[in-house]
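The structure under discussion appears below in the form of structure tokens.
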Amino acid sequence: AQSVTQLGSHVSVSEGALVLLRCNYSSSVPPYLFWYVQYPNQGLQLLLKYTSAATLVKGINGFEAEFKKSETSFHLTKPSAHMSDAAEYFCAGSLTGNQFYFGTGTSLTVIP
Amino acid sequence: DAGVIQSPRHEVTEMGQEVTLRCKPISGHDYLFWYRQTMMRGLELLIYFNNNVPIDDSGMPEDRFSAKMPNASFSTLKIQPSEPRDSAVYFCASTPGRRAPLHFGNGTRLTVT
């Protein structure tokens, strides 16, 4: 079955600490993977995308993600958290056909 | 490019009333998706269109919900009659294809009293 799974519905980090948000996928075809961020009362904004060109993908606001086929993972990282990073983060995949699968989201809290 | 445009931004209505949500996708995007977001259920796909044709409407909750895409630049999601449990944020998104990301509108926050 095709799916995208985010581990951890809530993550808290201290300002300046590493941010790691986990995402795993299940797909019978090569996936196209995306990370989105949602700030309160706003729509989802694209952070970065993996479309098979390079396994390490850099996005906006200092975020990056690495596609690991052997682990079926696409974890999102940022070396140093900023207060403005507090938001909801969604991992999504275009796994088969033209269907987009979304994870359940991870709420990131940044502690000053 | 103005992005995906949704209207209205907020809608408050009474139970039993008809509600129509509107979406204008990005020009050239052949796929349009309607999602619903609530605290309890998260982000749910309701329906998606390809070249104005509904492809998968299995996420539409019940017959009270209907969606149309009369042309490439406009889609509507209608709820008739509305119920309090329909209260949610409804998002429209478009994309040129599966290799490209979805572009989301700012959503319509629906409150049914």
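Throughout, a chain's letter reflects where its sequence line sits, starting with A, and its residues are numbered from 1. Atoms considered below: every heavy atom in the structure, side chains included; atoms not considered: hydrogens, waters and symmetry mates.
Contact of B/Ala93 with chain A is not made at all, since no heavy-atom distance falls under 4.5 Å. With a 4.5 angstrom heavy-atom cutoff, A/Leu44 touches chain B via backbone and side-chain atoms both. Contact of A/Phe102 with chain B is made through the side chain alone, with heavy-atom distances under 4.5 Å. If you measure heavy-atom distances from A/Leu33 to chain B, you find no contacts under 4.5 Å at all.
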Are there any donor-acceptor pairs closer than 3.5 angstrom between chain B and chain A, and if so, which ones?
unit_1	atom_1	unit_2	atom_2	d
B/Arg9	NH2	A/Asn41	O	3.1
B/Tyr31	OH	A/Asn98	OD1	3.4
B/Tyr31	OH	A/Asn98	ND2	3.0
B/Gln37	OE1	A/Gln38	NE2	2.9
B/Gln37	NE2	A/Gln38	OE1	2.9
B/Arg98	O	A/Ser94	OG	3.1
B/Arg98	NE	A/Ser94	OG	3.2
B/Arg98	NE	A/Gly97	O	3.2
B/Arg98	NH2	A/Ser94	O	2.6
B/Arg98	NH2	A/Leu95	O	3.3
B/Arg99	NE	A/Tyr32	OH	3.0
B/Leu102	N	A/Tyr36	OH	2.8
B/Leu102	O	A/Tyr36	OH	2.8
B/Arg109	NH2	A/Asn41	OD1	3.0

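Counting only residues at least two apart or in different chains, disulfide bond (SG atoms under 2.5 Å apart) contacts with residues 69-112 of chain A comprise A/Cys23-A/Cys91.
Of the listed residues (B/Ile55, B/Val89, B/Leu102), the one with the most heavy-atom contacts under 4.5 Å to chain A is B/Leu102.
Here B/Pro84 pairs with B/Met15, B/Val112 under the side-chain contact (heavy atoms from CB on, under 4.5 Å) rule; sequence neighbours left out.
Looking at B/Leu32 and B/Val4, their side chains never come closer than 4.5 Å, going by heavy atoms from C-beta outward.
Taking each heavy atom of B/Pro8 and B/Thr20 in turn, the nearest pair found is CD-O, 4.2 Å. For the pair A/Val110 and A/Ala86, the tightest heavy-atom approach, listed with the atom from each and the gap, is CG2-N, 4.0 Å. The nearest pair of heavy atoms linking A/Pro31 to A/Phe67 is CG-CE1, 3.9 Å. Between B/Thr13 and B/Ser82, the shortest heavy-atom distance links the atoms CG2-OG, 3.8 Å.
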Taking only distance into account, with no hydrogens and no angle test, what donor-acceptor pairs under 3.5 Å do side-chain atoms of residues 61-71 of chain B form with protein atoms, sequence neighbours excluded?
unit_1	atom_1	unit_2	atom_2	d
B/Glu62	OE1	B/Arg64	NE	2.8
B/Glu62	OE1	B/Arg85	NH2	3.2
B/Glu62	OE2	B/Arg85	NH1	3.3
B/Glu62	OE2	B/Arg85	NH2	3.3
B/Arg64	NH1	B/Pro81	O	2.8
B/Arg64	NH1	B/Asp86	OD2	2.6
B/Arg64	NH2	B/Asp86	OD1	2.9
B/Arg64	NH2	B/Asp86	OD2	3.4
B/Asn71	OD1	B/Ser73	N	2.9
B/Asn71	OD1	B/Ser73	OG	2.9
B/Asn71	OD1	B/Phe74	N	3.2

